[in-house]
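Take this structure, written in structure tokens, and hold onto it; I'll ask about it next.
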Amino acid sequence: MAVVAHVREAIAAARTARFELGLGLDQPVHDLLEVVEEAAGVPVAVLALPEGVAGAYLVRRDQPFIFLNGGEWITRQRLTLAHELGHHRIHHRAVLDGIENVEGKSKDPLEQQAFAFAGEFLSPEQALRGWLEARGDPLIDITVLSRMGVAFGISAPAMFVRLVDAGILQRAKQRQALKRQLDRGQHRAVEKALDLNPVEDQLARIKRENAVPRLPAKLRDNALGAYAAGLIDLDRLALALRRDRDTVERLVTQLGLTPQEPEPDW
């Protein structure tokens, strides 16, 4: 019962967040990065994080930040960004999230909350039911599942989990058949055959243009301050300032900038 209550709290938090951020419950999120930074007020950095790390949520001097692994698939980046926003909106502690957390495989109640938040925030139950109703409530096969995933900016496997969690995919035989098709990768063939165009947003452009690292305006406009606060290292500072590492190293030495030790808040 405690887990169910935690999940219900997270779903309620996601719905509240959508209303407060001007999204409502009847549509996909068309540009998640814009919503998180401009509406929610949380700067997002897209970086080359270590393999297996999906993202992170941390707070420095009362300022929250979200970090994303720019090397991950774009659908996972969106899922991770919504997951980290969940940590922020539910007032969780700072956390470094592995891929298993973002995919809902963690047994940590806080991670389960962030996972539930992300699902409802990206694809509200009301919006999912509305999408199906507008198309005559079709049988959810691999084609419909693939179309829904693209429409809401998440992968077909993530949409499958979402539909199960939302109580829309209830029949066991139907779930089993879809799971087998997903395991065989048939959704990818469907997406290619139907020429389904993925959501085009800021995260997609960053990925396509290989524009990593991408620092948020709050850090980009004051990259030296971010370095001094221990938020970015010397290599990322050099990239932000568009100067070679040796030049930047001399600059911070001349300015007497010494980065603070990271706070142990993971």
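The shown structure was predicted, so the numbers you read here are calculated from the model rather than taken from an experiment.
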Would you give the length of the straight line joining atom CD1 of I168 to atom CG of L163, rounded to the nearest 0.5 angstrom?
-> 5.0 Å
Check the surroundings of atom CD in E51: do more than 12 heavy atoms from other residues, nucleotides or ligands lie under 6.0 Å from it?
-> no
Checking K207 side chain against V212 main chain: does a donor-acceptor pair fall under 3.5 Å?
-> no
Joint hydrophobic cluster, L79 plus L196, side-chain heavy atoms closer than 4.5 Å | yes
Side chain proximity check, L145 to L182, heavy atoms < 4.5 angstrom | yes
Between CD1 of I140 and OG of S146, what distance do you get to the nearest 0.5 Å?
-> 12.0 Å
Value for NZ (K107) from CG (N101), rounded to nearest 0.5 Å, stands at 12.5 Å
Are R214 and E37 within salt-bridge range, i.e. N to O under 4.0 Å?
->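 Salt bridge: yes.
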Please report the closest heavy-atom contact between A238 and R245, naming both atoms and the distance.
-> CB-CA, 4.1 Å
In terms of heavy-atom contacts, does CZ of R171 have more than 12 from other residues, nucleotides or ligands at under 6.0 Å?
-> no
Check the pair D246 / R250 against salt bridge (charged side-chain N to carboxylate O under 4.0 Å, His left out), numbers first and verdict last.
-> CA-CA 6 Å; D246 290 341; R250 287 195 298 271; 5.4 Å; no
When clusters are formed by joining ILVMFWY residues with side-chain heavy atoms under 4.5 Å apart, either directly or through shared neighbours, do F160 and V199 land in the same one?
-> no
Point-to-point distance, once rounded to the nearest 0.5 Å, from CG of L23 to CZ of R15 |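 Reported to 0.5 Å precision, the distance equals 14.5 Å.
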Taking Q113 for the side chain and H6 for the main chain, is one N or O donor matched with an acceptor at less than 3.5 Å?
-> yes
For the residue pair Q176 and R180, establish whether any side-chain heavy-atom pair is separated by less than 4.5 Å.
->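 Contact flag for Q176/R180 side chains = yes.
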Over all heavy atoms of both residues, which pair between A10 and F117 is shortest? Give the atoms and the distance, please.
->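 Scanning both residues, the minimum pair turns out to be O-CD1, 3.7 Å.
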Considering only NZ, NE, NH1 and NH2 on the basic side and carboxylate oxygens on the acidic side, decide whether E20 and R89 come within less than 4.0 Å.
-> yes
Got a salt bridge between R208 and E200, using NZ or NE/NH1/NH2 to carboxylate O under 4.0 Å?
->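 Salt bridge flag = yes for E200 with R208.
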Does the pair D201/R205 count as a salt bridge with the N-to-O cut at 4.0 Å?
->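 Judged by the 4.0 Å cut-off on N to carboxylate O distance, D201 and R205 do not form a salt bridge.
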Taking C-beta and beyond as the side chain, do L96 and L58 meet within less than 4.5 Å on heavy atoms?
-> no
Can you measure from OG (S155) to CD (E103) and round to the nearest 0.5 angstrom?
->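 Between S155 OG and E103 CD, I get 8.0 Å after rounding to 0.5 Å.
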D137 and R129: CA distance, side-chain angles, deciding distance, salt bridge (charged side-chain N to carboxylate O under 4.0 Å, His left out) verdict | CA-CA 8 Å; D137 286 318; R129 293 186 183 278; over 6 Å; no
Any chance you could lay out the side-chain contact (heavy atoms from CB on, under 4.5 Å) test for I66 and T80, step after step, and finish with the verdict?
-> CA-CA 10 Å; I66 289 174; T80 301; over 6 Å; no
Out of curiosity, L33 CG to I206 CD1, how far, rounded to the nearest 0.5 Å?
->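 The distance works out to 5.5 Å.
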Are the side chains of L32 and F121 in touch, meaning some heavy atoms are under 4.5 Å apart?
-> yes
Taking a hydrophobic cluster as the set of Ile, Leu, Val, Met, Phe, Trp and Tyr residues connected by side-chain heavy atoms closer than 4.5 Å, whether directly or through intermediates, do L110 and V102 fall within one such cluster?
-> no
Show your working on side-chain contact (heavy atoms from CB on, under 4.5 Å) between F152 and W131 and close with a plain yes or no.
-> CA-CA 10 Å; F152 285 87; W131 191 96; 4.0 Å; yes
Okay, side chain of E34, backbone of D31: is any donor-acceptor separation there less than 3.5 Å?
->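 Pair absent, no side-chain N/O of E34 close to backbone of D31.
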ILVMFWY cluster, L85 and V59 together (side-chain gap under 4.5 Å) =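 Yes, same cluster.
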Tell me, with the steps shown, if R162 and E120 meet salt bridge (charged side-chain N to carboxylate O under 4.0 Å, His left out).
-> CA-CA 8 Å; R162 183 72 193 108; E120 182 67 16; 2.4 Å; yes
Which is it for Q77 and N69 under the side-chain contact (heavy atoms from CB on, under 4.5 Å) test, yes or no, and what are the steps along the way?
-> CA-CA 7 Å; Q77 287 188 47; N69 189 340; over 6 Å; no
Decide if atom CZ of R184 counts as having more than 12 heavy atoms of other residues, nucleotides or ligands within a radius under 6.0 Å.
-> yes
Side chains of Q174 and K179: closer than 4.5 Å at any heavy-atom pair?
-> no
Going by atom types alone, do Q181 and H187 pair a side-chain donor with an acceptor below 3.5 Å?
-> no
Would you mind reporting whether L132 and M148 have side-chain heavy atoms less than 4.5 Å apart?
-> yes
Is there side-chain contact between E72 and I99, with at least one heavy-atom pair below 4.5 Å?
->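 In short, these two side chains touch, coming nearer than 4.5 Å.
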Minimal non-hydrogen separation, I90 against A13, with atom names = CG1-CB, 4.1 Å
Residues H83 and E111: side-chain donor-acceptor under 3.5 angstrom | yes
Joint hydrophobic cluster, L178 plus V164, side-chain heavy atoms closer than 4.5 Å = yes
Does the distance from a Lys or Arg side-chain N to an Asp or Glu carboxylate O, for D97 and K105, drop under 4.0 Å?
->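 Not counted as a salt bridge, because no side-chain N and carboxylate O are separated by less than 4.0 Å.
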Can you check side chain to side chain donor-acceptor pair (under 3.5 Å) on H92 and Y57, steps first, answer last?
-> CA-CA 9 Å; H92 290 169; Y57 169 68; over 6 Å; no
Which atoms form the tightest heavy-atom contact between I154 and A158, and what is the distance?
-> CD1-C, 4.1 Å
S106 versus Q112: any side-chain heavy-atom pair under 4.5 Å?
-> no
May I ask you to decide if A12's main-chain N or O and T16's side chain share a donor-acceptor pair within less than 3.5 Å?
->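 Here the side-chain-to-backbone pair exists.
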Kindly indicate, with the supporting measurements, whether the criterion side-chain contact (heavy atoms from CB on, under 4.5 Å) is fulfilled by D195 and N197.
-> CA-CA 6 Å; D195 194 25; N197 296 316; 4.1 Å; yes
Check L47 against P213 and note the closest heavy-atom contact, atom names and distance.
-> CD2-CB, 3.5 Å
Grab the two heavy atoms, one from A156 and one from E191, that are nearest each other, plus how far apart they are.
->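 Residues A156 and E191, closest heavy atoms: CB-OE2, 4.3 Å.
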